[in-house]
Amino acid sequence: MLDIKRIRNNPDEAKEKLATRAVKPEEIDAVLELDEKRRELLQQTEQLKGQRNKVSDAISVAKRNKEDATAQITEMREVGAQIKALDVELAEVLDTYTDKMSRLPNFPHDTDPVGPDENYSREDRKVGDIRHFDFEPKAHWEIGEALGILDFKRAAKVSGARFVYYMGMGAKLERAVYNFMLDQHELEGYEEVIPPYMVNSDSMYGTGQFPKFKEDVFQIKDQDLTLIPTAEVPLTNYYRDEVLPAAQLPVYLTALTPSFRSEAGSAGRDTRGLIRMHQFNKVEMVKYVKPETSYDELEKMTHNAENILQQLKLPYHVITLATGDMSFTAAETHDIEVWIPHQETYREISSCSNCEDFQARRAQIRYRDEDGKVNLVHTLNGSGLAVGRTVAAILENYQNEDGSVTIPDVLVPYMRGVKKIEKK
RNA sequence: GGAGAGUUGGCAGAGUGGUAAUGCAACGGACUCGAAAUCCGUCGAACCGCCUUAUAAGCGGCGCGCAGGUUCAAUUCCUGUACUCUCCUCCA
């Protein structure tokens, strides 16, 4: 949620910034108009409530003195009716106002590249050497199925498209990857968490998935529970509606969880393999920080994600997303894309975002600074990393001509010494 | 799934139609070389509106889990609902 005072005091700035995120200026005008109406009604009803409070006191005194208060009571009956009518009107205005406000995306940071889509994103750095193959590299699903470690067919029978069974060494590899990631993040100061995998609507609202992105998630029938689309939701809502002592900041949390996504609207894209699933494992990093440090913290978090790829010796590049390509809550996002040989392209494996106070305002996550003043924290989240896509990248980048896959050195201890996955 | 109890400030905890007790903590001051103890004083944190260039102050609203209702007036009465706890039942 944006700060209405900032929009009110500087509507042109708001229109300009949000125009880069496909928000029409009329939408800002509509919000401002509703805000105006809201405050107008608020003043009217508050004035009447003040009057009612005063006269109610007088009635109370009169009753105590056994005097007649019929006149005032009659008068207040009328005032009460007016208040009720105004409050109904106010509630209606407030409803549309809040709904419109909660659908406006975050302001982009001034340094973000401006543009409507991914073609305008900025490549910040390229890291690692792309391997030259003496043979035609296979797609990871071919490799995985041939080795008997990925079973999409039976997953389709049991669950449907976009699900997978990891079998044997495949399951072991997945587990090695996320255990390695969690251990790394622990060394970097993150506290490991196992959160709930289902959350209520207040939480989904707090991190910005609701109300706008309801169709992207799986919900439990007849209950206010949603399967988390990312661990960002339970991790960031952990301190929802709380005021943290300044000394507690920054807070670093990390968690391995499955992520559940309906992938509505992505029919036909990445239909094969591990890239786009309804359920996938992801190690997530979340930070709660003081506003003045949040961009430094974003750089650190991005490096924490990069470190995993560097240790796995997987080539990648880091891009800063264009304003039009960023997710709803982000002010700045660094995507890390890993090299996928079969597709001869980089694919997203991590997304690290600074949401500034956008989520904190929705979720009311604040801290008490040294002067005793209460401020909104800044929240950050980033994948460190998407586990399934990491496995896909390992299978493809580490494949051998005979169909076997070499295990990256840092994972060998996590594989209990196994250095290569070969056909049984 | 069944029965019962509860939800009030940072914490503890009264209040059962008419200004939300009290204690602890916190903050300011006195005492002190300094601190502790003691004494005096302040204090419903946050939120919203008005005022203000802005902040503070000031004024007002709001505020007793949440949402409705009754009433001149609701922490208090009524309805619904969420959550917590206890017992029973079930269960990894």
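Quantities reported herein were computed from a predicted structural model and do not represent experimental measurements. Labels below follow one simple rule: chain letters A, B, ... track the order of the sequence lines, proteins then strands, and each chain is numbered from 1.
Formation of a donor-acceptor pair under 3.5 Å by the Ser121(A) side chain with backbone atoms of Ala322(A) is found in this model. Side-chain N or O atoms of Arg21(A) include one that pairs as donor or acceptor with a backbone N or O of Asn106(A) at under 3.5 Å. Between the Thr96(A) side chain and the Val93(A) main chain, a donor and an acceptor come within less than 3.5 Å of each other. The closest donor-acceptor contact from the side chain of Asp357(A) to the backbone of Ala360(A) lies at 3.5 Å or more, if one exists at all. Side-chain atoms of Thr271(A) do not come within 3.5 Å of backbone N or O of Gly268(A) as any donor-acceptor pair. Side chain of Arg361(A) to backbone of Met1(A): a donor-acceptor contact under 3.5 angstrom is found. In this structure a side-chain-to-backbone donor-acceptor pair under 3.5 Å is present from Ser350(A) to Ser383(A). Although no hydrogens or angles enter the test, the distance criterion places a donor-acceptor pair under 3.5 Å between the side chain of Thr74(A) and the main chain of Thr70(A).
Gln82(A) and Glu78(A) share a side-chain donor-acceptor pair at under 3.5 Å.
Taking the P atom of each, G6(B) and C77(B) are spaced 11 Å apart, rounded to whole Å. Taking the P atoms as reference points, G44(B) lies 12 Å from G10(B), given to the whole Å. Comparing the same atom, C1', in G9(B) and in G15(B) gives a spacing of 15 Å after rounding to whole Å.
The nearest heavy atom of RNA chain B to Ile73(A) and to Ile4(A) marks one nucleotide each, and the one closer to the 5' end goes with Ile4(A). For the pair Val55(A) and Lys5(A), nearest-nucleotide mapping onto RNA chain B gives the more 5' position to Val55(A).
Asn9(A) places its CG atom 9 Å from the C1' atom of A54(B), with the value rounded to the nearest Å. Per the geometry, CD belonging to Glu242(A) stands 11 Å off P belonging to C11(B), to the nearest Å. Atom CG of Asp3(A) is separated from atom C1' of C48(B) by 13 Å (rounded to the nearest Å). Atom CD1 of Ile365(A) and atom P of A46(B) are 18 Å apart (whole Å).
The shortest distance between the side-chain N/O atoms of Arg77(A) and the OP1/OP2 oxygens of C72(B) is below 4.0 Å. For Arg38(A), a side-chain nitrogen or oxygen approaches OP1 or OP2 of G49(B) to under 4.0 Å. Contact check, Arg361(A) against A46(B): no side-chain N or O comes under 4.0 Å of OP1 or OP2.
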Kindly express the pairing pattern of RNA chain B in dot-bracket notation, using | wherever a base pairs with another strand and counting only Watson-Crick or G-U pairs under 3.5 Å. ((((((((.[[[..)..(...]]].(((((.......)))))....((((.......))))...[[[[[..)....]]]]])))))))....
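Counting only heavy atoms from C-beta on, Lys63(A) has its side chain closest to G18(B) among A46(B), C50(B), G18(B).
Partner of Tyr295(A) under the side chain to side chain donor-acceptor pair (under 3.5 Å) criterion, chosen from His378(A), Glu356(A), Glu332(A): Glu356(A).
Residue contacts shown for Arg6(A) are absent, as no nucleic acid heavy atom lies under 4.0 Å away. If you check every strand for non-hydrogen atoms under 4.0 Å, Gln43(A) touches sugar and phosphate atoms only.
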Heavy-atom protein contacts under 4.0 Å, nucleotides 60-69 of chain B, coded B base, S sugar-phosphate only, - none: BSS-------
